[in-house]
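Every chain is numbered from 1 and lettered A, B, ... according to where its sequence line falls, protein lines coming before strand lines. These values consider heavy atoms only, across backbone and side chains, with no hydrogens, waters or symmetry-generated copies.
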There are 2 protein chains.
Amino acid sequence: MSSRAAQPALKTPVSANGKRGGNGQARHQEQDIEVGLDGLIGHAGYAVRRFQIWIFQDFIRTLAAVDIKPTQYSVLTVIGANPGLSQMAVAKRLGIERARLVHLLDSLEDRKLVRRVQSRTDRRSHALHLTARGQASLRQFKLLAAEHERHVAEKIGAENREQLLRILSAFT
Amino acid sequence: MSSRAAQPALKTPVSANGKRGGNGQARHQEQDIEVGLDGLIGHAGYAVRRFQIWIFQDFIRTLAAVDIKPTQYSVLTVIGANPGLSQMAVAKRLGIERARLVHLLDSLEDRKLVRRVQSRTDRRSHALHLTARGQASLRQFKLLAAEHERHVAEKIGAENREQLLRILSAFT
DNA sequence: AACAATTGTTGTCGTCAACAACAATATTTC
DNA sequence: GAAATATTGTTGTTGACGACAACAATTGTT
């Protein structure tokens, strides 16, 4: 571990401020002081959560001009690769609830990127297709997404990114 | 569903066709058919998101008996390692908004795990401390969190987990 | 034909991030 | 030292999101 005690240490680098030379002048520099994470370091979940936040923010920023968020991109990509899928199938594949997918598709349909076509084989379900505009747009989105992916590579290193994809390939 | 789920996904995107009449009998087995992710594979963000969902669910499940969620655990850990921190400092360190931290601390204070002590050097701020009960509880939480971490190692492999932590160490 | 399951839809609830506004207090500036 | 500015904790609002529950229409099952 790094510097600080791993156990219930009552002393801490941060609170030193309170005891030390104790003149009443407390300048607000607490923010600069190193705050120990203790047990949090070594937790995969914490690192993954922080990384996921970063990566989503970069995706949103990179695709801000076209106003496409990660979930929307994933829906468009799956429909583009598998035209005619039902909403249930898309939801299942992406781990989205069908109730949520309804709103996502409403938005994408409003933007004329997706069409819900009544299925002839099952009148309950809708066959999902990209419109011509949706296909053209998706091509552009993919270019921007590739740029985002380059940002990731810059951030963590190209070979680290490869390793990451390999390690997490089971979750796709 | 659609008769033959559009296409065998991984192979040919049906794009060009669209009009292939041959739908025949529709058995509802679309769910079993492999749905291609196309461009989604190779996107770090997608894999990371799915993994993060899995890892949080396992954490919540593993610590369900003590009713501690990931964010609560991170707050307790940081306070335990750095007693006397202000709410602002904790929020900044963990990337939580201070508005959100208010509710988190309300809950933890109700459960007698944390105490907000009025700071003598800055009457605006609260010095955060674990109660005796909070310290004892945190020790138990850490044991359960370690068990969760073992689940992660089982899921992706111990050395893959190590690599992951190394790759993402910059985000902690 | 009666019953059960699936699909899309609507709605509610709880979590969470992102803001905005505010009172109390602290710091800075003149 | 007084006024202007900034920070801290708090409350509230908004919107995205997952988890559920209920429902009509339709399909599958017995």
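Scanning both residues, B:P70 and B:I60, for their nearest heavy atoms gives CD-CG1, 3.7 Å.
Hydrophobic clustering of Ile, Leu, Val, Met, Phe, Trp and Tyr side chains at less than 4.5 Å, counting indirect connections, unites B:L105 with B:F141. Residue B:L165 is not grouped with residue A:L164 when hydrophobic side chains (ILVMFWY) are merged at heavy-atom distances under 4.5 angstrom, including chains of intermediate members. By the criterion of side-chain heavy atoms lying less than 4.5 angstrom apart, applied directly or through intervening Ile, Leu, Val, Met, Phe, Trp or Tyr residues, B:L144 is grouped together with B:L108 in one hydrophobic cluster. Linking ILVMFWY side-chain heavy atoms closer than 4.5 Å, directly or via other members, places B:Y73 and B:W54 in two distinct hydrophobic clusters.
Side-chain nitrogen and oxygen atoms of B:Q87 include at least one within less than 4.0 Å of the OP1 or OP2 phosphate oxygen of D:dT10. Remark: A:R116 is in phosphate contact with C:dT9, judged by side-chain N or O atoms under 4.0 Å from OP1 or OP2.
When each of B:I53 and A:R123 is assigned the nucleotide of DNA chain D with its nearest heavy atom, B:I53 is the one assigned upstream, toward the 5' end. Comparing A:R49 and A:V102 against DNA chain C, the residue whose closest nucleotide sits nearer the 5' end is A:V102.
When rounded to the nearest whole Å, the span between CD1 of A:I68 and C1' of D:dA16 equals 15 Å. Distance CE (A:M88) to C1' (C:dT6): 8 Å, rounded to an integer number of Å. Here C:dG8 presents its C1' atom at 15 Å from CG of A:L85, a figure rounded to the nearest Å. Distance, B:I96 CD1 to C:dC16 P: 9 Å, rounded to whole Å. Rounded to whole Å, atom C1' of D:dT10 lies 14 Å from atom CG of B:L104. Summarising the geometry, the separation between NE2 on B:H126 and P on C:dA23 is reported as 17 Å, rounded to the nearest angstrom. One atom, NE2 of B:H103, and another, P of C:dA18, lie 15 Å apart when rounded to the nearest Å. Atom CG of A:D106 and atom P of D:dA16 are 13 Å apart (whole Å).
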For this session: Could you please spell out the steps behind the side chain to side chain donor-acceptor pair (under 3.5 Å) verdict for A:H43 and B:E149?
Result: CA-CA 7 Å; A:H43 273 305; B:E149 214 60 33; 2.8 Å; yes
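A:E109 and A:R116 are joined by a salt bridge, as a carboxylate oxygen and a charged side-chain nitrogen come within less than 4.0 angstrom of each other.
A:S137 contributes no side-chain N or O that, together with a main-chain N or O of A:G134, makes up a donor-acceptor pair within less than 3.5 Å. For A:S125 (side chain) and A:S86 (main-chain N/O), no donor-acceptor pair under 3.5 Å exists by modelled atom type. With hydrogens and angles ignored, the 3.5 Å screen pairs a side-chain donor or acceptor of A:R50 with a backbone N or O of B:L94.
Axis angle between the ends of the helix from C:dA1-D:dT30 to C:dC30-D:dG1, five pairs each and rounded to 10 degrees, works out to 20°.
Among C:dT7, D:dT27, C:dA17, the nucleotide with an atom closest to any side-chain atom of A:S125 is C:dT7. Distances were taken from every side-chain heavy atom of A:R124 (C-beta onward) to each of D:dG9, D:dT27, C:dT9; the shortest belongs to D:dT27. Comparing C:dT9, C:dT25, D:dT26 by their nearest atom to the side chain of B:D122 picks out C:dT25.
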Problem set entry | nucleotides 19-24 of chain D: protein proximity per nucleotide (B base, S sugar-phosphate only, - neither; heavy atom, under 4.0 Å) | BB----
